[in-house]
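Here the structure comes first, spelled out in structure tokens, and everything after it is commentary.
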Amino acid sequence: MSIDLDIDAEGIATITINRPERRNALDAAHYAGLTDAWIRVRDDPAVRCAIVTGAGDKSFSAGADIKDFIGRRQELSDHWLTQKGQLLNRGLEVWKPVIAAVNGFCVGGGMTLLLATDIRIAVPHATFGLSEVKRGVIAGNGGTQRVMRQLPHAIAMEMLLTGDAIDAARAERWGLVNAVVPPEELMPAARAFARRIAANAPLAVQAAKELGCARATCRSPTGCGWSRWSAASCRAART
């Protein structure tokens, strides 16, 4: 049971949520391990691209392990510790591209993690859902906002309000995932994407991702200004 991190010679990091006996659900210790992995990806100059997946062939991640958090007392002051325990889908800015290799159930916190990635490959039996309302809570870590930005309004609202999951074919049809491939091709397909990205100029790739993500929160003139600054910075780095 662990969060495994491997970095190969091409600068591709692979993060594996390794808790298949719990459908790769995350307890406090695994969330802490995932935070450490994302920080390593962000800060290690040898890393150009990352892949995140789940161990086994049944689950990408079922999100938070409810049994670990039920009854746990949390001080109200903790809600203002917004820089504590950051994740890819909770405050941590990782401008290196992240690819999700979805090998099965992707629900709850697993789905909010997916929504924070850039490219997604899934197997045919993968399912995607924000089922929190069925348990009397709502999707956390930006899930409600990201799903509304990434899917058509009616589809996103269906997922949020019913808590029902969608299958891989429907996820591909609505653009939630880039491709659906047989299980034996999942990791090769993810690595093929990663190699194509890693072959490009790393600063340009990271600037392109940051500016692309900023488009939802800044006005067009501001975005154009950032683009000019980033382009000049990339040119300067090549000289």
Side-chain angles (χ1 to χ4, degrees), residues 3 15 17 19 22-28 30-35 37-38 50 52-54 59-70 72 74 78-95 97-122 126-168 170-178 209 212-217:
I3 300 296
I15 297 173
I17 304 170
R19 203 184 181 205
R22 294 290 296 163
R23 290 189 174 182
N24 296 320
L26 296 159
D27 59 13
H30 285 79
Y31 269 122
L34 197 54
T35 293
W38 289 127
V52 59
T53 191
S59 183
F60 174 71
S61 176
D65 188 339
I66 301 301
K67 290 183 178 180
D68 186 63
F69 293 98
I70 289 176
R72 176 175 293 193
Q74 183 177 22
D78 288 352
H79 293 287
W80 278 265
L81 299 177
T82 56
Q83 303 301 303
K84 180 180 179 181
Q86 289 184 319
L87 299 164
L88 183 69
N89 51 320
R90 187 172 69 211
L92 194 66
E93 293 183 337
V94 180
W95 301 127
V98 179
I99 300 167
V102 185
N103 52 318
F105 291 106
C106 179
V107 296
M111 177 71 169
T112 61
L113 170 58
L114 175 90
L115 292 170
T117 64
D118 307 302
I119 292 172
R120 299 97 182 238
I121 314 296
T127 56
F128 304 84
L130 293 165
S131 57
E132 284 84 350
V133 292
K134 292 180 180 288
R135 296 169 175 79
V137 293
I138 60 172
N141 296 334
T144 52
Q145 293 79 40
R146 288 191 179 99
V147 75
M148 293 299 297
R149 289 200 298 264
Q150 296 181 26
L151 289 174
H153 179 92
I155 304 302
M157 278 298 182
E158 177 185 342
M159 296 186 73
L160 284 173
L161 302 181
T162 68
D164 293 341
I166 63 174
D167 61 19
R170 194 174 183 202
E172 183 180 30
R173 183 162 67 249
W174 289 114
L176 183 63
V177 301
N178 297 74
K209 174 177 174 176
C213 291
R215 62 86 174 87
T217 57

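What's counted below: heavy atoms across the whole structure, side chains too, no hydrogens, waters or symmetry copies. This chain uses plain numbering: 1 for the first residue, then up along the sequence.
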Exercise for the section: Taking only Lys NZ, Arg NE, NH1 and NH2, and the carboxylate oxygens of Asp or Glu, determine whether Arg19 and Asp27 approach each other closer than 4.0 Å. Expected result: yes
Handout entry: Euclidean distance, Thr144 OG1 relative to Met159 CE, rounded to 0.5 Å
Key = 13.0 Å
Handout entry: side chain to side chain contact (heavy atoms under 4.5 Å, CB included) between Ile15 and Ile3, intermediate numbers included
Key = CA-CA 7 Å; Ile15 297 173; Ile3 300 296; 3.9 Å; yes
Problem - Test item: Arg120 side-chain N/O and Leu176 main-chain N/O as donor-acceptor pair under 3.5 Å - result: yes
Completion exercise
When every non-hydrogen atom of Val107 is compared with those of Thr127, the smallest separation belongs to CG1-O, 4.4 Å
Handout entry: Side chain Ser61, main chain Asn24, donor-acceptor under 3.5 Å
Key = yes
Fill in the blank from the handout: When every non-hydrogen atom of Glu132 is compared with those of Gly109, the smallest separation belongs to OE2-N, 4.0 Å
Handout entry: Where Asp167 and Arg170 come nearest, the two heavy atoms and their spacing
Key = OD1-N, 2.8 Å
Practice task
State, yes or no, whether a side-chain contact exists between Val98 and Lys209 at a heavy-atom distance under 4.5 Å.
Solution key: yes
Practice task
Take Leu113 and Ile17, measure what side chain to side chain contact (heavy atoms under 4.5 Å, CB included) needs, and give me the verdict at the end.
Solution key: CA-CA 12 Å; Leu113 170 58; Ile17 304 170; 4.1 Å; yes
Fill in the blank from the handout: The reported gap from CD1 in Ile99 to OG1 in Thr117 (rounded to nearest 0.5 angstrom) is 9.0 Å
Exercise for the section: To the nearest 0.5 Å, tell me how far Asn178 CG sits from Glu172 CD. Expected result: 9.0 Å
Exercise for the section: Answer yes or no: does atom CZ of Phe128 have more than 12 heavy-atom neighbours from other residues, nucleotides or ligands under 6.0 Å? Expected result: yes
Exercise for the section: Check whether any side-chain N or O of Thr112 sits under 3.5 Å from a backbone N or O of Gly143 as a donor-acceptor pair, and report yes or no. Expected result: no
Exercise for the section: Start with the C-alpha distance between Leu92 and Thr35, add both sets of side-chain angles, then the distance that settles side chain to side chain contact (heavy atoms under 4.5 Å, CB included), and finish with yes or no. Expected result: CA-CA 9 Å; Leu92 194 66; Thr35 293; 5.8 Å; no
Practice task
Go through the steps to decide whether Leu115 and Arg149 satisfy the test side chain to side chain contact (heavy atoms under 4.5 Å, CB included), and finish with yes or no.
Solution key: CA-CA 10 Å; Leu115 292 170; Arg149 289 200 298 264; over 6 Å; no
Handout entry: pair Asp164-Lys134: side-chain heavy atoms closer than 4.5 Å
Key = yes
Problem - Min side-chain heavy-atom separation Pro97-Ile119 under 4.5 Å - result: no
Fill in the blank from the handout: Heavy-atom closest pair (Ala139 atom, Leu130 atom, distance to 0.1 Å) is CB-CD2, 4.0 Å
Practice task
Quick one: closest heavy-atom pair of Gly54 and Asn103, and the distance?
Solution key: O-ND2, 2.9 Å
Practice task
Rounded to the nearest 0.5 Å, what's the gap from CG on Leu114 to CD on Gln150? Could you check?
Solution key: 7.5 Å
Practice task
Search all heavy atoms of Phe60 against all heavy atoms of Val52 and return the closest pair with its distance.
Solution key: CE1-O, 3.4 Å
